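Take a look at the structure set out below.
Because the structure is a prediction, the values reported are computed rather than measured.
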Amino acid sequence: MAAPDYVPNEVAVADRHYVSPPRRPQPWLADRPAELASGQPTGAGLGVPGPDQGYALRLARRFESDLLLGPGEDAADAIAGCVGVALKRAACFGRAPVAADLEVAFRVFGFLPPAPDESVVAWRKELFAGVSHPHHYAEARHLVDLVPEAVLRQSTSEVEAACAADRAELFSVPVPL
């Protein structure tokens, strides 16, 4: 049905919903106050950035029933401490965390079979105490810094063999094992 003559009929204007902004001839510059002009900062306590790091927490729950915990040790502390190590391993390879990252982290500290010596359990009990609490970030970062990148770049079988041979060689500082 045709519209009456007194109704405006500007079809071209009514159908136009979006208009792109005019082209910017200038290049884009990182000049906003929060822009990282020189890249990701590095230093003590800043961690290692990587993609999809939250997925490590989901993967860690798969290992929870397999963890070898001594008396007085808490699974939440073991997971919180080892997730940081697993994230460092994943970031070394430039990818999101996978189950092998968590396996390496748990195995280095003796949370996966075979059962570690009593000296390892006593050492890590003190080291992991309360790490799951948000106020203990410095302690969690210390755990991550204990494992050097060269160890994290090893395969799971190489780490397992190193744990069986001499676990103390896997850490960047001398540990009382």
Side-chain angles (χ1 to χ4, degrees), residues 28 30 34-69 73-117 120-121 123-177:
W28 180 83
E35 293 290 339
L36 299 175
S38 62
Q40 184 70 29
T42 58
L46 294 178
V48 182
D52 200 17
Q53 292 190 336
Y55 186 56
L57 293 172
R58 181 180 177 107
L59 289 173
R61 299 291 176 224
R62 294 182 181 177
F63 289 91
E64 195 167 8
S65 62
D66 298 332
L67 296 180
L68 301 173
L69 299 171
E73 289 185 311
D74 186 20
D77 289 338
I79 289 171
C82 289
V83 159
V85 176
L87 290 175
K88 180 179 177 180
R89 183 176 191 266
C92 287
F93 294 114
R95 58 167 169 71
V98 295
D101 299 328
L102 286 149
E103 182 181 344
V104 165
F106 285 129
R107 201 168 297 284
V108 163
F109 288 103
F111 286 113
L112 290 179
D117 298 336
V120 174
V121 175
W123 171 70
R124 76 174 186 212
K125 179 181 176 183
E126 190 175 311
L127 197 63
F128 279 80
V131 171
S132 62
H133 194 277
H135 289 141
H136 290 248
Y137 178 75
E139 289 82 357
R141 287 295 317 149
H142 174 68
L143 285 171
V144 173
D145 294 336
L146 281 177
V147 186
E149 186 177 331
V151 172
L152 296 176
R153 289 192 173 273
Q154 296 177 1
S155 69
T156 55
S157 58
E158 290 172 333
V159 170
E160 187 174 3
C163 288
D166 187 13
R167 188 180 307 273
E169 294 294 320
L170 296 174
F171 299 102
S172 60
V173 296
V175 292
L177 299 180

Closest non-hydrogen atom pair, P51 against P97: O-CD, 3.7 Å
For V85 against L143, the heavy-atom pair lying closest together: CG2-O, 4.0 Å
Closest heavy-atom pair and its distance - L170, P148: O-CD, 3.2 Å
Nearest-0.5 Å distance that lies between atom SG in C82 and atom CG in L102: 8.0 Å
CZ on R107 to CZ on R167, rounded to 0.5 Å: 9.0 Å
Closest non-hydrogen atom pair between L69 and D74, with its separation: CD1-C, 4.3 Å
Check against side chain to side chain contact (heavy atoms under 4.5 Å, CB included), D66 and F106: CA-CA 10 Å; D66 298 332; F106 285 129; over 6 Å; no
V147 vs K88, side chain to side chain contact (heavy atoms under 4.5 Å, CB included): CA-CA, chis, key distance, verdict: CA-CA 9 Å; V147 186; K88 180 179 177 180; 5.6 Å; no
D77 (side chain) donor-acceptor with A129 (main chain) under 3.5 angstrom: no
Qualifying side chain to side chain donor-acceptor pair (under 3.5 Å) pairs with a residue from residues 89-99, counting only residues at least two apart or across chains: R89-D101, R95-D101
N/O donor-acceptor pair under 3.5 Å between S172 side chain and D145 backbone: yes
Main-chain N/O of V120 paired to K125 side chain as donor or acceptor, under 3.5 Å: no
Steps toward ring-ring contact (aromatic ring centres under 6.0 Å, His included) verdict (F111, F63): CA-CA 10 Å; F111 286 113; F63 289 91; over 10 Å; no
Rounded distance (nearest 0.5 Å) linking atom CD of E139 with atom CG of L127: 9.5 Å
Under 3.5 Å donor-acceptor, R153 side chain and C92 backbone: yes
Any donor-acceptor pair under 3.5 Å from E158 side chain to S155 backbone: yes
Centroid-centroid under 6.0 Å between F128 and W123 rings: no
Verdict with supporting geometry, V83 and L57, side chain to side chain contact (heavy atoms under 4.5 Å, CB included): CA-CA 7 Å; V83 159; L57 293 172; 4.1 Å; yes
Non-neighbouring partners of P113 that pass side chain to side chain contact (heavy atoms under 4.5 Å, CB included), sequence neighbours left out: L68
Pairs meeting criterion side chain to side chain donor-acceptor pair (under 3.5 Å) with involvement of residues 51-64, two or more places apart: none
Pair L112-E103, side chain to side chain contact (heavy atoms under 4.5 Å, CB included): steps then yes or no: CA-CA 8 Å; L112 290 179; E103 182 181 344; 3.9 Å; yes
For the student: nearest non-hydrogen atoms of A86 and A105, plus distance: N-CB, 3.9 Å
Criterion salt bridge (charged side-chain N to carboxylate O under 4.0 Å, His left out) on R124 and E73, from CA distance to verdict: CA-CA 9 Å; R124 76 174 186 212; E73 289 185 311; 2.7 Å; yes
